[in-house]
*Asks:* 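Got a structure for you, written out below as structure tokens; questions coming shortly.
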2 protein chains.
Amino acid sequence: MKIVTGGPFVIIINSKDAQVLDLEVLGRVRIRGKKRDVVAVADLAADELFVKQGEIVLLWDLAQELGVKEGEELEIHTEINPRSLMFIKKKLDGKGLNESEVSEIIKDLVENALTEVETTFFVAGCYRNGLSLDESAFLTKAIVRNGGRLNFEKKPVLDKHSIGGISGNRTTMIVVPIIAAAGFFIPKTSTRSISSPSGTSDTMEVLAPVAHSKEKIMSIVKKTKGCMVWGGTLDLASADDLLIKVERPLSLDPEGILLASIMAKKVAANVSHVVIDIPVGGEAKITSRKGARNLSGKFVALGRRVGIRVKAVITDGSEPIGWGVGPALEARDVLEVLHGRGPGDLRKKSLFLAASLLRMVGVKNAEKKVKDLLDSGAALKKMREIVGEQGGNAEITAEEIKVGKFVYEIRARMSGKISKVSNSLVCRIAKAAGAPANKGAGVLLNKKVKDSVKKGELVFKIYAESEEKLEYAKSLLKEEVFVIR
Amino acid sequence: MKIVTGGPFVIIINSKDAQVLDLEVLGRVRIRGKKRDVVAVADLAADELFVKQGEIVLLWDLAQELGVKEGEELEIHTEINPRSLMFIKKKLDGKGLNESEVSEIIKDLVENALTEVETTFFVAGCYRNGLSLDESAFLTKAIVRNGGRLNFEKKPVLDKHSIGGISGNRTTMIVVPIIAAAGFFIPKTSTRSISSPSGTSDTMEVLAPVAHSKEKIMSIVKKTKGCMVWGGTLDLASADDLLIKVERPLSLDPEGILLASIMAKKVAANVSHVVIDIPVGGEAKITSRKGARNLSGKFVALGRRVGIRVKAVITDGSEPIGWGVGPALEARDVLEVLHGRGPGDLRKKSLFLAASLLRMVGVKNAEKKVKDLLDSGAALKKMREIVGEQGGNAEITAEEIKVGKFVYEIRARMSGKISKVSNSLVCRIAKAAGAPANKGAGVLLNKKVKDSVKKGELVFKIYAESEEKLEYAKSLLKEEVFVIR
């Protein structure tokens, strides 16, 4: 049956066969495949005419995995519960897990031997009881063992990472060309947006394709020293995707899993040095400097356990970074900064992160060096190389990037000074306008915190690719995006 | 599509439509029905030819719920997360829930507005953080509000309940006829076995049908004062079934949920007085007298909150009760006891429970009274009335009950005294032999703890309805069922 469930493998079985197999709804079966056994969950057919006794229906992904065709015979058994369920219960009970226990859970997770309910109990246990540094290190290694790898033999391999949560924070697309122009490897893999108006991959995609095979990525990096690609095709952390899926409904983000998932991707990409950006602000993921210092310490300690040098930097996350929020508008900001213009905060933050990274590998006068690379046009040249290698238009200018045709301008109701820009509301408006699926949709800020504004002056614009989406975004304007004092 | 998933409602949608709706795999949609809106979870079709753009496929139970036919137009919307998710997160965070929060979670659960992942987080929160007495009372009331009811206007309405876990513990089928013969209402609803060789409904079903409509049950009770029916058709606690489903993989049984689910069924059946049997033993659900006293106190306190008088009695759960384990073998034991013969422990325990119940409603000399009702044949006569009203053969004798034709005898390897009978192993053997699906399958104990035994003497028999099942059950005999000293 040509359906993908997005969860564990599923078969559909006649209810009488289910009785014979002593299977409950959503019970487990093991299917003997040609190469390996696959564990699947059994749904019952409501009508015997649909699935006859002795027949089973395989969902598409399982049929692909087993490589079977219609009419073939299959051997199925009632499956006993995997041992990892005991370890999941142990974690839920607040007890610590050792390396082989964590390893078995992640192996079963990746092999689809766990149902969503079971995965959820694991996440609940990690969320409620936390993970020790040891457990995070075990988890990191287990995720790496059960995922793909990028094998750069030459070291150092540099990287930057932001824990996210701040709109418009597209420093990666400026840091990568600077570092590559400085002669260091920086094979950057990014995610697409999960719940934000744009992820680095969404914004980069405005300039060039981001989904490439492992071989293509290796060749891009060999030629240019850098890349900005979507990590999805590499499966650097397949376990992570499965965990994120169950975390999403409650927006859980258990710290131990977050740490492990970030560091696992770095280990899998053979990274030796990484700068981690931790934005702090009232509407950021981390709301206090104390919390940021705490998290920063954990990143450094975990890095030490898994062989990566980590520098965590605490940055201003009180308002969006740059002017644009949404893929095309952010890509415009990036090109402007690479041309020596554009939003000052994005430029400043990118230079700071790039300099931090160069200092880690012993570069002297790193601040001056990164400024020179940006102002001399070396970073822009490098960006064009990378965009070209990834199959994009290397010569594109900011003005040539298309943005939404439907625009709404929001003007100041009074004169004064901007005391706050709501990051979360900007996010929601940009998403309502269609970002990231509609590349040209988003929000363009004309004012930032501390700017003066006159009554009637433009404060921000909403861009959308359809009238409906624009109206939907406008409906969120009941709340105040800007606070003017 | 004629499939039941056993979870929340599911639709299958073209992946391009999913993009337009901004839906992730397993995202939520609201479908506008004729009578009411239904929330469903969306799976993506792997092949556009299977589900075209603009089309959706409904799984069977959802199509039934909406009452739609093939080709009809449906309006669907991306659904925002229900508020109950916030409350589930609150509980997972270890905070207490108030009445309206518990109520909203249970309402959404019963209306299929929660996915399994979300239900699992709720169970994990209840398991890890426990439920206060207040929360258990809120949960009890919420389960009652969202389920069916049995409305007996006359009080008192008596009941007995065992927390389960001990093989052969079929006291219900002796207590009910005694209490009804004493002239009190005792409309007993029971479950089928979940993981044991037989539930009260499975054993009663050997004598008479147990699945009846609410009206039929009311009429049986009006005529005979008692009944022994399966509670499933009444939906006295639909929420409970959904919670149990996610508890099963890790065999979790959060105490607060257990308490609420038992008491909710009593409230829904308008019970005024209940005796609760808490067996204690090394292989029972409760392993210490301290644990039993603790649980007992909670039952009484929760009863007070929801208007039911509860007497919790702590009983011996160190070995199986009676001789037979498995539906038919247990039914034989019951009839023997009602005839004044049969296993002494089953008779004694049943008399004790029945007397406790009569004392609660102010009957004097309750011990003598229940003994008289049993020994005079009044209880047997009442049992025949109830069996007859439920549509069974009222005159059936123990010998006429069919048991499995394939029998294996286990004899003592040495002489001595029985020091232990493994309840859990007896359970597993009876299940392996086919119980409860094969009514005639099970284990018949010939010796109990403290009995003397001679080498070569029969200790127990395994009954099965097929050679294969008997062999399967025999394969479990590597472990010692009886310990002889």
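So you know, we letter chains A, B, ... as the sequences are listed, proteins then strands, and number each from 1.
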*Asks:* Please state whether the side chain, the backbone, both or neither of A:I12 comes within less than 4.5 Å of a heavy atom of chain B.
*Replies:*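 Side chain of A:I12 only, per the 4.5 Å heavy-atom cut-off to chain B.
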
*Asks:* What part of B:L85 gets within 4.5 angstrom of chain A, counting heavy atoms only: side chain, backbone, both, or neither?
*Replies:* both

*Asks:* Show your working on side-chain contact (heavy atoms from CB on, under 4.5 Å) between A:F121 and A:V246 and close with a plain yes or no.
*Replies:* CA-CA 10 Å; A:F121 277 123; A:V246 307; over 6 Å; no

*Asks:* The test is side-chain contact (heavy atoms from CB on, under 4.5 Å); show your working for A:L250 and A:Y127 and say whether it passes.
*Replies:* CA-CA 11 Å; A:L250 293 200; A:Y127 173 75; over 6 Å; no

*Asks:* Taking the side chain as every heavy atom from C-beta outward, state whether B:F87 and B:L92 have any pair of such atoms under 4.5 Å apart.
*Replies:*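 Not touching, per the 4.5 Å side-chain cut-off.
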
*Asks:* Does some side-chain heavy atom of A:V39 sit less than 4.5 Å from a side-chain heavy atom of A:F9?
*Replies:* no

*Asks:* What option among A:V57, A:V123, A:I88, A:D93 has the most heavy-atom pairs under 4.5 Å with chain B?
*Replies:*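 Most heavy-atom pairs within the cutoff with chain B belong to A:D93.
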
*Asks:* Taking side chain as everything from C-beta outward and backbone as N, CA, C, O, which of these in B:N129 sits under 4.5 Å from a heavy atom of chain A? Side chain, backbone, both or neither.
*Replies:*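 The answer is the side chain of B:N129.
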
